[in-house]
Amino acid sequence: MKIGIVAEFNPLHSGHRYLIECARKIANENNGEVICVMSEFFTQRGEVAIVDGYTRAKEAVRSGCDMVIALPYLGSVAYGDDFAKKSIEILSGAGITHLIFGTENEDVSMFEEIYTKQQNKNREEYKKLLKTGLNHAKINSVLFGLENNNPNFSLAYSYYKAIREANLDIKLIPVKREGQGLNSGDVSEQVHLSATAIRNNINDEKIEKYLSKEMFADLRKENMAAEAELFPYLKYKILTLGKVGIEKIYDVSEGLENRIYEASLKVENYSDLVNLIATKRYSNKKIQRALLHILTNTTKEDYKKYFSTNNFRVLAVKKNKAAIIREINREGKIILHPLLNSKNSMNFEHDIKVARIYELLFSKKDIFRENIQIID
């Protein structure tokens with residue numbers, strides 16, 4: 001048995017540890033492993049990772065995962081279905097038999113009904129609702145009954161769909177999410193705080209109880225990353241590309257380049273830029289992702305070239321489980337690389353660029369000269 005986890009761990013807190021402990025318990029009872037795929041530099045909602053991937057992966061292994069594989073940038077900063085598709089592809093290639101995830105609603109029995117409705121629905125009706133200004137999440141709620149106010153449940157459906165469409169034999173293990181709401185930003189007495197609340201209150205001593213001593217220490221010693229720091233670099237990139245250049249950026253379509261360019265001329269900070277561009281149809285998360293693609297110069301051609309890669313980096317592994325890497329590589333569905341060298345670095349051209357932009361903004365080290373973290 002191999003149990004998979006899709007994560008961002010931004011940062012890894014008590015709620016994440018609870019999920020890993022649930023996975024660990026099942027794995028131990030079945031002589032199995034826990035394998036995690038994790039975003040590195042930027043997240044699915046278009047936010048900056050608070051600390052680098054190696055730091056968060058090390059904490060994941062300390063918390064009970066056997067191995068952490070890096071989710072490439074084009075899978076990490078993507079709408080839900082692409083995020084899920086790439087994550088499941090990696091975990092399937094690693095041989096998982098089960099996928100465990102936290103969700104606001106444990107009843108995933110409705111997923112097959114929703115999937116069937118989606119397959120049978122006339123695309124014209126979907127397009128008609130798009131023209132009214134509704135975003136994709138709201139339309140999925142209206143047409144198919146997919147709860148758009150429960151983000152983890154919606155993401156779980158994307159996992160289900162990715163598994164279903166690839167015809168994979170992977171069982172779902174939903175775990176009831178407890179504690180603070182996903183987007184809650186205040187520190188309050190809860191069984192678990194949200195990652196958002198921890199990031200927003202990073203200097204508040206109250207967050208210490210929700211983090212391990214090691215994670216708390218890492219957050220204190222590292223240079224914290226935040227979206228506000230992106231603005232001068234982002235504005236320079238928008239003005240340099242112009243509307244024609246922005247139109248070529250991945251996930252920019254239907255005249256969005258005009259809104260982005262015009263907004264950049266009117267605002268003086270990142271938050272105002274996002275809010276001015278966003279509409280009922282284009283959520284703040286969608287805009288944040290598009291802005292990251294502009295910052296990293298990720299084009300539509302880059303998506304075609306790099307999204308389908310089957311080469312992935314291992315960030316951390318438990319010492320007595322390092323043989324898993326060789327076992328997965330022997331199977332040949334995906335190829336895992338513990339470190340970069342002159343022979344394999346061409347497989348990671350885009351992620352190397354993204355990593356160095358991240359590190360340019362937030363620290364002085366070159367993350368691609370780091371070695372796999374081996375944890376006793």
Side-chain angles (χ1 to χ4, degrees), residues 1-10 12 16 19-28 30-40 43-44 53 56-57 60-61 63-103 108 111 152 154-175 306-318 321-338 347 351 372:
M1 171 185 275
K2 283 189 173 73
I3 301 176
I5 297 175
V6 181
E8 292 177 331
F9 296 149
N10 189 35
L12 196 153
H16 298 133
L19 181 69
I20 295 171
E21 286 165 5
C22 290
R24 185 75 267 162
K25 183 176 185 294
I26 297 169
N28 288 347
N30 295 275
N31 193 30
E33 291 95 25
V34 178
I35 298 176
C36 174
V37 60
M38 187 192 78
S39 306
E40 273 194 274
T43 70
Q44 197 264 333
R56 289 176 288 124
V61 174
S63 298
C65 292
D66 291 306
M67 181 170 66
V68 180
I69 304 170
L71 179 63
Y73 171 84
L74 279 165
S76 298
V77 186
Y79 77 109
D81 283 358
D82 265 6
F83 176 85
K85 180 181 179 181
K86 199 65 194 177
S87 298
I88 295 301
E89 178 189 317
I90 295 169
L91 291 173
S92 171
I96 70 160
T97 55
H98 295 73
L99 180 74
I100 194 168
F101 52 88
T103 173
V108 298
F111 284 171
N152 285 310
S154 296
L155 190 55
Y157 173 68
S158 291
Y159 298 147
Y160 172 84
K161 186 160 64 169
I163 291 167
R164 179 84 157 68
E165 291 182 345
N167 196 28
L168 301 172
D169 185 16
I170 296 173
K171 305 292 188 300
L172 299 181
I173 307 176
V175 174
Y306 297 112
F307 185 79
S308 59
T309 182
N310 69 338
N311 286 269
F312 307 100
R313 292 167 39 253
V314 181
L315 299 178
V317 67
K318 196 167 182 60
K321 294 291 185 176
I324 299 173
I325 299 172
R326 291 192 298 273
E327 292 171 10
I328 291 170
N329 284 343
R330 275 199 298 268
E331 287 294 317
K333 293 178 182 177
I334 60 173
I335 305 167
L336 298 180
H337 301 268
N347 295 305
D351 273 11
I372 182 175

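The shown structure was predicted, so the numbers you read here are calculated from the model rather than taken from an experiment.
- With hydrogens and angles disregarded, no donor-acceptor distance shorter than 3.5 Å links the side chain of Arg313 to the backbone of Ile372.
- Here Ile5 contributes atom CD1 and Ile3 contributes atom CD1; the two are 8.0 Å apart, rounded to the nearest 0.5 Å.
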- Task: Give the C-alpha distance, both sets of side-chain angles, the deciding distance and a yes or no for side chain to side chain contact (heavy atoms under 4.5 Å, CB included) between Thr43 and Ser76.
- Result: CA-CA 6 Å; Thr43 70; Ser76 298; over 6 Å; no
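- Scanning for side chain to side chain contact (heavy atoms under 4.5 Å, CB included) contacts around Lys333 gives an empty result, with sequence neighbours left out.
- Atom CG of residue Leu74 and atom CG of residue Leu71 lie 9.5 Å apart, to the nearest 0.5 angstrom.
- Not one N or O on the side chain of Glu8 forms a donor-acceptor pair closer than 3.5 Å with the backbone of Ser39.
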Side-chain donor-acceptor distances from residues 82-102 under 3.5 Å, at least two apart:
{"residue": "Asp82", "atom": "OD2", "partner": "Tyr250", "partner atom": "OH", "Å": "3.4"}
{"residue": "Asp82", "atom": "OD2", "partner": "Tyr303", "partner atom": "OH", "Å": "2.8"}
{"residue": "Lys86", "atom": "NZ", "partner": "Glu89", "partner atom": "OE1", "Å": "3.4"}
{"residue": "Lys86", "atom": "NZ", "partner": "Glu89", "partner atom": "OE2", "Å": "2.9"}
{"residue": "Lys86", "atom": "NZ", "partner": "Phe307", "partner atom": "O", "Å": "2.6"}
{"residue": "Lys86", "atom": "NZ", "partner": "Thr309", "partner atom": "O", "Å": "2.8"}
{"residue": "Ser87", "atom": "OG", "partner": "Phe83", "partner atom": "O", "Å": "2.8"}
{"residue": "Thr97", "atom": "OG1", "partner": "Lys2", "partner atom": "N", "Å": "3.2"}
{"residue": "Thr97", "atom": "OG1", "partner": "Lys2", "partner atom": "O", "Å": "3.1"}

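- In this structure, Glu40 contributes its side chain and Tyr73 its backbone to no donor-acceptor pair below 3.5 Å.
- When all heavy atoms of Leu155 and Gly80 are compared, the pair lying nearest together is CD1-O, 4.0 Å.
- No side-chain heavy atom of Phe312 sits less than 4.5 Å from a side-chain heavy atom of Ile335.
- Rounded to the nearest 0.5 Å, atoms CG (Asn347) and OH (Tyr306) are 10.0 Å apart.
- For the pair Met67 and Val34, the minimum side-chain heavy-atom distance is 4.5 Å or more.
- Counting only heavy atoms from C-beta outward, the side chains of Asp66 and Arg24 approach each other to under 4.5 Å.
- With rounding to the nearest 0.5 angstrom, the CD1 atom of Ile170 is 4.5 Å from the CD1 atom of Ile163.
- In this view, His337 and Phe348 satisfy the ring pair (Phe, Tyr, Trp, His ring centres under 6.0 Å) rule, not counting sequence neighbours.
- With sequence neighbours left out, the ring pair (Phe, Tyr, Trp, His ring centres under 6.0 Å) criterion links Phe9 to His16.
- Not counting sequence neighbours, the partners of Ala57 by the side chain to side chain contact (heavy atoms under 4.5 Å, CB included) test are Met38, Val68, Leu315, Ala316.
- Between the side chains of Asp81 and Ser158, at least one donor N or O lies within less than 3.5 Å of an accepting N or O.
- Taking both residues in full, the closest heavy atoms of Cys22 and Val175 are given as SG-CG1, 4.3 Å, listed atom of the first, atom of the second, then distance.
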Which pairs of donor and acceptor atoms, one on a side chain in residues 324-331, lie under 3.5 Å apart (sequence neighbours left out)?
{"residue": "Asn329", "atom": "OD1", "partner": "Leu336", "partner atom": "N", "Å": "2.7"}
{"residue": "Asn329", "atom": "ND2", "partner": "Leu336", "partner atom": "O", "Å": "3.1"}

